Structures are given as structure tokens and as C-alpha cells.
Amino acid sequence: MTGDGAGDQVSGGESQVSGAGDQVSGGESYGDFEPVIGLEVHCELRTRTKLFCGCPNSFGDAPNTNVCPVCLGLPGSLPVLNAKAVELAMRIGTALHCDIRPSSFHRKNYFYPDMPKDYQVSQYDEPINVGGWLELPDGSRVGIVRAHIEEDTGKTTHAGGTGRIHGSSYSLVDYNRAGVPLVEIVSEPDIRSAAQARLYAAELRAILVATGASDGRMEEGSMRVDANVSVRRRGASELGTRCEVKNLNSLRSLTRAIDYEVRRQVGIIEKGGAVAQETRHFDEAQGATVAMRSKEEAFDYRYFPEPDLVPLAPDAAWQSEVAASLGPMPAERRSRVSELIGARGGTAGDGATSASQIATVVELGLDGLVEAAVTSGVDPGLALARAANEAAAGGDAARGLDPAGFTALLKLEAARKLSATQAKAVLAEMLLHGGDPATIARAKGFEVMDEGELATVVRQVVDESPGEWHRYLEGEEKLAQFFVGKVMKATRGRADGKAVIAALDRLRS
Ligand code: ADP
Ligand code: MG
Ligand code: ZN
């Protein structure tokens, strides 16, 4: 659950890099111990309005502007369930192979200022989605216990202290987020390493985006992860005592926090101690988890059925409509892209590079671009690289790229009518303002650089650096890059790197 009191202030907006790149130290090894991990993932749903009122569901607005009597919990106001939120929850459940069940809502009561009602409406003993699974790219499966609907809490900021409410001089509240629809996805304790937890979170994020339920932006808090971590001796069948690390908002924090927490617990057991069940918080700066509250301090939420909402029972017709409208999920789309590339005899880099590029384009929904380019004859390696790197860097705009324009650009590049540098500049412009690549290239003065012109520039550059040229002739191959750099500078990126090297070769022989 989200709003459980005293610790939720850590959630805030500290933004973390979430993307690819930061890999977990591959071979985590904890001696005789095995980590056991279950994740609880909160996902904000991409609805237009909140879960029980018509206030906008939007991030980053001025504080307390998206509020009304319902989400402020004023007396006499009544909630009305948002059908779109239910549909998105069913999309998530269907994608995770869950049973969709008749469900109901409870009030989870607690005393903390992040929720003006002093309770959070959540699904308790009758969640909408029950019992599914998620398959990871490495083929392993993680069970899903449930994926239920609940409302998000507001955001508190405690000033003049440690960031906790205790000891702060004053607190600020922003109720824009109070009542935003969430789905909480609870995994079975099937995860066995920090690296696998990361894979799970990344795959789940890709699925959430693919279903249209979420924008998957961990850095904006639209996907937040709580990690339940325990350790046990290898071969043991019983689960150890777990700690729950709250509110991890990047894949990097998730892996770091789990790795730290496993080592901490192993250390306690090796010294003959026992792990105490508690809720912990990950301190980014220290790279350590810190105790927040013990099991004894756990709140009694006094759950009781929400009297203002009727039970929820989506009928079979609605369920099949939702299932039919789901497109292929990331796993299927990844294999489609790799088959396509294999079939075209792709010159895509090494296997690991292209696999991670494929994962990126699918996660960002850019596989359509790659498919369009490759099926019309563009080299798969080039299509993948431009989509996974340059297009992906354009964020949301990348999804708006016209596949025909993207294809046309790559054809100009492949035909050497644009250098790589120029092609990237044109793509950046297409991401900003759209438009036809040839027109943009012309407007930027990127005319074709023919072999004759290039040869002249190469000759000039060589003449200016006789020493380097001599060493190059003597076999110092790495100096090729020195000359490429000079030519790029002289032509302001109009030259093509490969063409420069070919011209150098011609001059040498
Ligand atoms: P709670 O209601 O207190 O949150 P649950 O039993 O619903 O507890 O479990 C919450 C999460 O903790 C689930 O993701 C589950 O897989 C995980 N979990 C439960 N027991 C353990 C354990 N011993 N070690 C690691 N994770 C666990
Ligand atoms: Mg929990
Ligand atoms: Zn409202």
C-alpha cells in the first residue's frame, strides 16, 4: 500500500536515472545464502481523471489545484468509480494472465496528513485480478499474487529537519495526487537475485506501457517499487524473515537496495543474530537501507468495507472486449523484431547489443519504426541503432515519428547522401517539429558530399599534418581517427566517417 504513514514522505520527487546502462554487478554471490524477493509495484494509471472524482489526473501542476470535495474528503461528498481505471486494471490483469474476479473496496484507515480523508480506498480481500505470472526475457517466470485497484495519496514535504515529519519545523501538503488511480501488482516471493528483480521490474514496466495503463515513468513516481527481501541457507525450503524496503523509484535504486539489504541480513545471521521484520527505507546517498519501523510499530489499519461504493463485477462481455483490444505484449514483439532482423541477415552489432536495442525499442513502442525501415530494405543494424539511440532520446516525440519519414531518412544515410552526424541532426529536427527528412536536410545545407570534394578535403588535412600522416603510413592505424576528426571539423560533420577512411586508404595505396 502506498500511504502507510510515517514513511511515505520519502517517496517524493527525487528523480533517479532509470534507463538502461546501469547494470547490476553480474555475479552477485552471498556465500551459503540465497536471497528471496517479492516485489510490490505501484503503478499510476493513465486516466484523464482521478479514481473517484472528475479532477484531472496530471503530474507537475501547481500544488492543490486538482482537488474537489470528493478527493479532499469533505463531508457529504460521494465517490463515483472511474470506469477507465477499471478497464486499465483489467488490461494489466489480462496481460499478467490473472483471473479477473468480482471485487470490492475497503477503507484503510490511518492518521497521516498525506490523505485528507484519513483513509485510503483500496481493494483488500477481494482484489480484481488474482493469480497470474510474468515471464522474464531469460525465460524464468515470476508468479503474480494479485493486482488490485487503489487510490494514491497526496504528497507531503517536511521542511527544516531530516525530511521526516518528526523534528520538522513545518510540513507542506499537495493533494493533487490524492485519489489518482493506482494498480498495485504483488509478486510471489519467486525472485532470487537483485538482477532478476531488475529484470522483473523492467519487464513489468514494458508490459504496463504496452497495455496503455501507464507511462512507466519511474522518475516521476508513476511506477514505484517496494522490495520484500529475506535470505535463507541454500537448499532450505522455509522462507526467512523479511524486511520491506519502501518506495524505490529507479531500477538502479532497486538493485542497489536489494543487494545492500541481502548483505545486511546475511551479516546478521552469520554473526548468530536474527533478522527483525521491519519496514526500511533506502538512503540513496549512503547506499544503505535504514530502519523506518518495526513489526510491533506496524499500523492497525482497521480495514472495513467502503460503504459508499458498490461491489465491482465486470461482466464477461467487457472482459473479452478488453482482452481483444490488447495488442501483442513486449515478449512477443521482441521475438518478432529479432526474427525480422535475423531473416534480413542483419548486420546488427553483437548479439548482446542488438538484444538490448531490441528491448529498448519495444519498451518505448518504437518497434513499428524498425519494422517499417527494415521491411523496406534498410540495414537492420542501422535501423535498430537509430531507433534505440537517437529516436529513443526524443522521449514521447519518438512515438509520433512517421515510419515512412524515418525509413526515408535512413535510406539517405545508407546511400551516403547524409553522413551519420547529419542524419542524427535531421532526426533530432524531425523529433522536434516533424517534417520530411530530405527537406530538412536541404534547409540545413546538408548537401551531398561527393567523392571528389571529399578527396580534396582529405588531401588538405593530410598536408596539414605531415607527421601524423607519416606515422599512419608506417602502420599506426589508430591515426585514422585523428584524420576523420580533422575532416569532420573541416566539413562540419558533412563527411561520412567510413568514406573518409576509404579516401585515406586510397591515398595510402
Ligand atoms: P503484506 O500484506 O504484509 O504486504 P504479503 O504476504 O501480502 O504481506 O506479501 C507482500 C510481499 O512480500 C509479496 O510480494 C510477497 O511475495 C513478499 N514476501 C512474503 N514473504 C516473503 C519472504 N519471506 N521473503 C521475501 N518476500 C516475501
Ligand atoms: Mg506490503
Ligand atoms: Zn477531486
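Start at 1 and go down the list; that is how both ligands and their atoms are numbered. Since we're looking at a predicted model, the values are computed, not measured. Below, all heavy atoms of this structure are taken into account, side chains as well, without hydrogens, waters or symmetry copies. Throughout, residue positions are numbered sequentially from 1 according to the sequence presented.
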Query raised in the report: Do ligand 1 and Gly240 have nitrogen or oxygen atoms that lie under 3.5 Å from each other?
Result: yes

Requested in this report: Answer yes or no: does an N/O atom from Thr241 fall short of 3.5 Å to an N/O atom of ligand 1?
Outcome: no

Check ion pair [X]-[Y] (N to O, under 4.0 angstrom):
X: Glu203; Y: Arg205; value: no
X: Glu151; Y: Lys50; value: no
X: Arg46; Y: Asp215; value: no
X: Asp367; Y: Arg333; value: yes

Heavy atoms only: which of [options] lies closest to [atom]?
atom: atom 24 (N) of ligand 1; options: Ser230, Pro35, Ser187; result: Ser230
atom: atom 4 (O) of ligand 1; options: Arg232, Gln277, Glu40; result: Glu40
atom: atom 10 (C) of ligand 1; options: Glu184, Arg146, Arg242, Glu244; result: Arg242

Show which atoms of ligand 1 fall inside a sub-4.0 Å distance from at least one heavy-atom site of [X].
X: Val186; answer: 13 (C), 14 (O)
X: Pro189; answer: 16 (O), 26 (N), 27 (C)
X: Glu188; answer: 16 (O)

Report task. Please check if any side-chain donor atom of Glu278 sits under 3.5 Å from a side-chain acceptor atom of Ser294, or the reverse. Result ->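 Checked: Glu278/Ser294 side chains show no N/O donor-acceptor pair below 3.5 Å.
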
**Report entry** the Zn ion (ligand 3): angle it makes with SG (Cys55) and SG (Cys71), nearest 10 degrees
**Finding:**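 Rounded to 10°, it measures 110°.
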
**Report entry** the Zn ion (ligand 3): angle it makes with SG (Cys53) and SG (Cys68), nearest 10 degrees
**Finding:**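 If I round to 10°, I get 110°.
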
Requested in this report: Measure from NZ or CZ of Lys108 to the centre of the six-membered ring of Tyr303 and say whether it is under 6.0 Å with the direction within 45° of the ring axis.
Outcome: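 That pair does not qualify as a cation-pi contact.
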
Query raised in the report: Can Arg107 be said to sit on top of Phe304's aromatic six-ring, NZ or CZ under 6.0 Å from centre and within 45° of the ring axis?
Result: no

